[in-house]
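Worksheet for the structure shown next.
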Amino acid sequence: MAAPRSFLWARRIFLTLLTGFVLLPVYVMVSSSLKPLQDVSGTFRWLPSGLTIRPYIDIWSTVPLADYFVNSVIVAGAATVCSVVIAVFAAYAVSRYRFRGKRVFTVTVLSTQMFPGILFLLPLFLIYVNIGNATGIALFGSRGGLILTYLTFSLPFSIWMLIGYFDSVPRDLDEAAMVDGCGPLGALFRVVVPAAIPGIVAVAVYAFMTAWGEVLFASVMTNDTTRTLAVGLQGYATQTEVYWNQVMAASLVVSVPVVAGFLLLQRYLVAGLTAGAVK
């Protein structure tokens, strides 16, 4: 049965308005990044009077953006890899084995997501400082400390999400792999992990985006040499002036890795790769 014509027109109008609402901020960012500073600081014009790529050149010298970019890539990449690896082993153990305290563990892991991150700021700060004073291991102000901090956010959700994906993988696949001579780890890497690629990719994207755009902990746990992009963008605002065109240009530049990664991995985010695995 065909949909009514009024419904089709209403859907088109709604989708058009929604598209405009989403693309409007992007247009403002792009147009502002191509304007001279005096044009951005004045009255906003929808059609710029003149275009220049100078802001995209100046963003690298106004602040050490390249150093911030390297720090963000290292921190976000390491946090993502560690989160995925640990979550895979933890979720596989919970999904495939029975042990005392299993339900308590899963509930505890999930309940940690109820607390706002700011509650952990002062405890982590004190822990890192005390560890540094006692052992000489510099966690405060280092990339390693920031990676551990981001793991406390991404790991609980990653474990909980992968438990559901691993539960959806038929256990017959594990048994068939073990009949062929695989051990538990062999069954995990040869059967379960390939079948749960959508969940693993979703966890990786979540962990990377959480680390890439985090501001609060990065502003406290870093110094001038380990500062990340999310905090480094504040350097375009001085006591006397704000370089709005460079802020917009830098925001677009730092968004490229996330957007490109999402476009490359979006086909893996569709679940259902395990359909028909067992005949």
Side-chain angles (χ1 to χ4, degrees), residues 72-115 117 143-144 146-214 256-279:
S72 290
V73 170
I74 294 175
V75 171
T80 300
V81 172
C82 293
S83 181
V84 169
V85 171
I86 298 174
V88 165
F89 285 105
Y92 182 72
V94 174
S95 175
R96 291 299 191 265
Y97 297 99
R98 295 181 179 179
F99 53 89
R100 181 177 299 178
K102 174 180 177 179
R103 184 174 181 82
V104 175
F105 173 78
T106 55
V107 173
T108 302
V109 166
L110 185 59
S111 63
T112 57
Q113 300 297 299
M114 297 187 301
F115 302 98
R143 296 169 180 167
L146 197 59
I147 293 170
L148 290 176
T149 301
Y150 291 154
L151 284 178
T152 62
F153 303 140
S154 59
L155 259 183
F157 178 80
S158 302
I159 294 173
W160 177 77
M161 186 173 184
L162 284 183
I163 289 174
Y165 268 91
F166 287 171
D167 286 342
S168 65
V169 178
R171 295 178 181 269
D172 295 344
L173 295 179
D174 299 46
E175 297 175 358
M178 292 181 181
V179 169
D180 291 338
C182 292
L185 291 180
L188 170 63
F189 290 111
R190 292 176 181 269
V191 176
V192 179
V193 168
I197 287 296
I200 295 175
V201 171
V203 165
V205 171
Y206 168 78
F208 185 85
M209 293 182 65
T210 300
W212 186 263
E214 201 279 327
V256 169
V258 177
V259 175
F262 179 80
L263 293 177
L264 291 174
L265 298 175
Q266 64 175 342
R267 65 191 183 95
Y268 293 105
L269 298 178
V270 180
L273 294 185
T274 60
V278 178
K279 297 183 179 179

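This one's a predicted model, so the numbers in the text were calculated from it and none came from an experiment.
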Exercise for review: Could you label the plane-to-plane angle of the Y206 and F157 rings as parallel, tilted or perpendicular, counting under 30° as parallel and over 60° as perpendicular?
Suggested key: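 Answer is tilted, since the angle falls between 30° and 60°.
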
Exercise for review: For the residue pair Y150 and F153, categorise the inter-ring angle as parallel (less than 30°), tilted (30 to 60°) or perpendicular (more than 60°).
Suggested key: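 Ring orientation of Y150 relative to F153: tilted.
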
Look up atom [atom1] in [X] and atom [atom2] in [Y], then write down how far apart they are to the nearest 0.5 Å.
{"X": "D174", "Y": "Y92", "atom1": "CG", "atom2": "OH", "result": "4.5 Å"}
{"X": "I163", "Y": "F105", "atom1": "CD1", "atom2": "CZ", "result": "6.5 Å"}
{"X": "R143", "Y": "L148", "atom1": "CZ", "atom2": "CG", "result": "14.5 Å"}
{"X": "L155", "Y": "I86", "atom1": "CG", "atom2": "CD1", "result": "5.0 Å"}

Where is the tightest heavy-atom contact between [X] and [Y], given as atom of each residue plus distance?
{"X": "V203", "Y": "M161", "value": "CG2-SD, 4.0 Å"}
{"X": "S95", "Y": "R171", "value": "O-NH2, 2.6 Å"}
{"X": "R96", "Y": "V192", "value": "NH2-CG2, 4.1 Å"}
{"X": "A195", "Y": "P198", "value": "O-CD, 4.1 Å"}
{"X": "A177", "Y": "V191", "value": "CB-CG2, 3.6 Å"}
{"X": "P156", "Y": "L151", "value": "CD-O, 4.0 Å"}

Review point. Pick one: which of V201, L162, I200 meets side-chain contact (heavy atoms from CB on, under 4.5 Å) with V84?
Key: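 Of the listed options, the one satisfying the test is I200.
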
Practice item. Check step by step if side-chain contact (heavy atoms from CB on, under 4.5 Å) holds for V85 and F89. Key: CA-CA 7 Å; V85 171; F89 285 105; 3.8 Å; yes

Practice item. Please lay out, stage by stage, how W212 and T80 fare under the test side-chain contact (heavy atoms from CB on, under 4.5 Å). Key: CA-CA 10 Å; W212 186 263; T80 300; over 6 Å; no

Review point. Does the side chain of S158 pick up a donor-acceptor pair with the side chain of S83 at under 3.5 Å?
Key: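 Yes.
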
Review point. Between the main-chain N or O of T108 and the side-chain N or O of S111, is there a donor-acceptor pair closer than 3.5 Å?
Key: yes

**Study point:** Crowding at CZ, R190 (>12 non-hydrogen neighbours, <6.0 Å)
**Key:** no

